[in-house]
Amino acid sequence: MLTLATDLDALIRCRLLLALREAPAYPSDLADALGISRTRLSNQLACLRDCGLVVAVPEGRRSRYELADPRLGHALDDLRNAVVAVEADRTCQDADEKGCC
């Protein structure tokens, strides 16, 4: 069973993947963009690295993060497009009132 803490961590990882879909980035820039602490960001990047979804590319004394495979970006785009399509194609006339569909 998921808890609020694990749900939040999963959302942070999703936001990280979406940010890295746009362009590679440094951890400090990602933390600022997502509005989270660098410690929390570091933990989430480690998780994504361990899963093989992102890689750290050394650049001098810093490391830049990027998606491990460009196909991940395409998959994220496809998923986003599917969610948007479903949202736009509500079948219930009163979905907003009922909070469904």
Side-chain angles (χ1 to χ4, degrees):
M1 173 189 262
L2 293 177
T3 65
L4 181 58
T6 58
D7 287 348
L8 289 174
D9 288 340
L11 288 173
I12 291 170
R13 289 190 296 273
C14 288
R15 291 178 64 205
L16 275 168
L17 290 171
L18 290 172
L20 293 173
R21 178 181 121 275
E22 297 297 322
Y26 297 102
S28 59
D29 297 334
L30 288 166
D32 291 343
L34 299 178
I36 61 175
S37 72
R38 291 183 186 188
T39 301
R40 185 168 214 163
L41 177 94
S42 178
N43 291 336
Q44 300 310 317
L45 284 172
C47 178
L48 292 171
R49 232 184 14 253
D50 290 346
C51 293
L53 297 174
V54 301
V55 293
V57 179
E59 287 188 348
R61 298 178 71 189
R62 299 171 62 178
S63 289
R64 174 180 46 84
Y65 281 82
E66 59 186 46
L67 295 176
D69 188 319
R71 292 176 293 185
L72 290 170
H74 298 296
L76 290 166
D77 285 338
D78 290 344
L79 180 57
R80 184 196 61 202
N81 291 336
V83 169
V84 169
V86 168
E87 179 66 22
D89 187 32
R90 290 186 175 185
T91 56
C92 295
Q93 297 284 338
D94 54 355
D96 288 330
E97 294 172 16
K98 290 183 178 179
C100 64
C101 303

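What you see is a predicted model, and the numbers here were worked out from it, not measured in a lab.
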* Asked: How many angstroms lie between atom CG of L18 and atom CG of D77, to the nearest 0.5 angstrom?
  -> 9.0 Å
* Mind checking whether Y65 and V55 sit in one hydrophobic cluster, side chains of I, L, V, M, F, W, Y counted as touching below 4.5 Å? -> no
* How long is the gap from OG on S63 to CG on L45, to the nearest 0.5 Å? -> 10.5 Å
* Structure fact -> One should read off an interatomic distance between E22 CD and L76 CG, to the nearest 0.5 angstrom, of 10.0 Å
* Would you say P27 and R38 make side-chain contact, with heavy atoms under 4.5 Å? -> no
* **Partner of R15 by side chain to side chain contact (heavy atoms under 4.5 Å, CB included), out of L34, L20, L30** => L34
* For Y26, does its backbone N or O pair with a side-chain atom of R62 as donor and acceptor, under 3.5 Å? -> no
* Give the C-alpha distance, both sets of side-chain angles, the deciding distance and a yes or no for side chain to side chain contact (heavy atoms under 4.5 Å, CB included) between L17 and L72. => CA-CA 9 Å; L17 290 171; L72 290 170; 5.6 Å; no
* **L53: which of L67, L48, D69 passes side chain to side chain contact (heavy atoms under 4.5 Å, CB included)** => L48
* To do: Would you give the length of the straight line joining atom CG of L8 to atom CZ of R13, rounded to the nearest 0.5 angstrom?
  => 10.5 Å
* **Closest heavy-atom pair and its distance - G73, R21** => O-CD, 3.6 Å
* Atom pair CD (Q44) and CD1 (I36), whose distance is rounded to the nearest 0.5 Å -> 7.0 Å
* Asked: Given side chains that start at C-beta, do those of P24 and V57 come closer than 4.5 Å, heavy atoms only?
  -> no
